[in-house]
Amino acid sequence: MIRPVPVNVPLFGGNEKKYLNECIDTGWISSEGPFVEKFESQFSEYIGRQYGVAVTSGSAALDIAIKAVGILPGDEVIMPTFTIISPALSVINAGGVPVLVDNDPVTWNVDVDSIAPLLTSKTKAILIVHIYGLPVDMEKVLHLAKKYKLLVIEDAAEMHGQTCNGKKCGSFGDISIFSFYPNKHITTGEGGMIMCDDKEVAERCKKLRNLAFEPDKPRFIHYESGWNYRMTNLQAAIGVAQLEQIDEFLKKKRFIGEYYQNGLSFLSRYGYQLPLKETPYASNIYWVFGLMAPSKKDKNEMLKYLTAQRVGTRPFFWCMHEQPVFKDYSFAQQKFPVAENMARCGFYIPSGLGITESDLSHVVKTIQEFYG
Ligand SMILES: *Cc1c(COP(=O)(O)O)cnc(C)c1O
């Protein structure tokens, strides 16, 4: 009998139902409820930041972050081509100009050493996206930013609890963001948070998530555009319960990663690349467990086989310079060979927190059987 293993199953092992019931019993279900501020202050404290502003998604957090730090039309923002589309959309929708960077083939993150030659008088910010479980070397990024007086925008959507040189991801950017989508280390269903240490920027984020209502002026009179990106008390209630379990969740993520590293190390004999276990500044937290096939053809054959065996997979991100939606932007003409190869040959296997040890063993066995 074929046994399905989904690519992600979330884990609710704590007070999620209890806190949700509190919301219903007290009638506080909108963004006005007490769990929102509780979640903001507890998660900021966990990450080591002064302010957290809870919003409806990681993508919403990026929209607000880009606007709150003052990216204006024509400003160039250095960012990886290999990312989910959200940061590129936020920059472009603000009128900013993405200046794309290729990846490092070993860490699968942006190649920080190729940033400096791209800087111009219009460069305003470096937007960092930590990919799949290993952070970007932030010491290098912060050094560049300081030297050239650039803002750092940090997308830590895949990095709850991960550290870089012992300091938490999400604490490095002038502004940083997280997502709480169900495949992230903690979830609120949909949700996100913006983090910073500047009171004025935090106030600005709060205003932008609330349709840019002016806190100290007559209601319903607006001086700029904002969004309704307010997180609800229901989402925050789940977030508070999830945060109580984060240490166990991170332990489980590392357990899943190590299980696959051991069970699948044989794949390197067939030309596969497995995730890097560690760098001098961090050890992998395995947000997802990615694999790089030796070729696009090998990847497609493996995905076809795993789908038939009902083992869930997802392809890696598709590069920004190859997105049909961005075909008219000048970066669409550029080539980024490392990132292109990752997009063509990479995929990830079931790595959600709800996975059981027997699921893990089943996934490993299924992949072993592909090679007889
Ligand atoms: C998940 C993710 C996002 C988007 O978050 P949503 O909550 O799904 O909008 C942004 N950036 C990265 C790196 C992500 O992994």
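Excluded from the calculations below are hydrogen atoms, water molecules and symmetry mates; all remaining heavy atoms, backbone and side chain alike, are included. We count ligands from 1, going down the list as the structure has it; atoms in each ligand are counted the same way.
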*Asks:* Is there a path from Phe82 to Tyr348 through hydrophobic residues (I, L, V, M, F, W, Y) whose side chains come within less than 4.5 Å of each other?
*Replies:* yes

*Asks:* Write out each pair where an N or O from ligand 1 and one from the protein are under 3.5 Å apart, with the distance.
*Replies:*
residue: ligand 1; atom: 5 (O); partner: Ser179; partner atom: OG; Å: 3.2
residue: ligand 1; atom: 7 (O); partner: Gly58; partner atom: N; Å: 2.7
residue: ligand 1; atom: 7 (O); partner: Ser179; partner atom: OG; Å: 2.7
residue: ligand 1; atom: 9 (O); partner: Gly58; partner atom: N; Å: 3.4
residue: ligand 1; atom: 9 (O); partner: Ser59; partner atom: N; Å: 2.9
residue: ligand 1; atom: 9 (O); partner: Ser59; partner atom: OG; Å: 2.6
residue: ligand 1; atom: 11 (N); partner: Asp155; partner atom: OD1; Å: 3.3
residue: ligand 1; atom: 11 (N); partner: Asp155; partner atom: OD2; Å: 2.6
residue: ligand 1; atom: 15 (O); partner: Glu158; partner atom: OE2; Å: 2.6
residue: ligand 1; atom: 15 (O); partner: Lys184; partner atom: NZ; Å: 2.6

*Asks:* Using side-chain contact (heavy atoms from CB on, under 4.5 Å) as the criterion, list what pairs up with Phe370, not counting sequence neighbours.
*Replies:* Glu301, Met302, Tyr305

*Asks:* Hey, do the aromatic rings of Phe39 and Tyr46 have their centres closer than 6.0 Å?
*Replies:* no

*Asks:* Identify, with sequence neighbours excluded, every residue that meets salt bridge (Lys or Arg N to Asp or Glu O under 4.0 Å) alongside Glu76.
*Replies:* none

*Asks:* Give a yes or no answer on whether the side chain of Ser57 reaches the backbone of Glu190 with a donor-acceptor pair at less than 3.5 Å.
*Replies:* no

*Asks:* Taking side-chain contact (heavy atoms from CB on, under 4.5 Å) as the definition, give me every residue that meets it alongside Thr279, ordered by chain and number, with sequence neighbours left out.
*Replies:* Thr107, Leu134, Leu276, Tyr281, Ala282

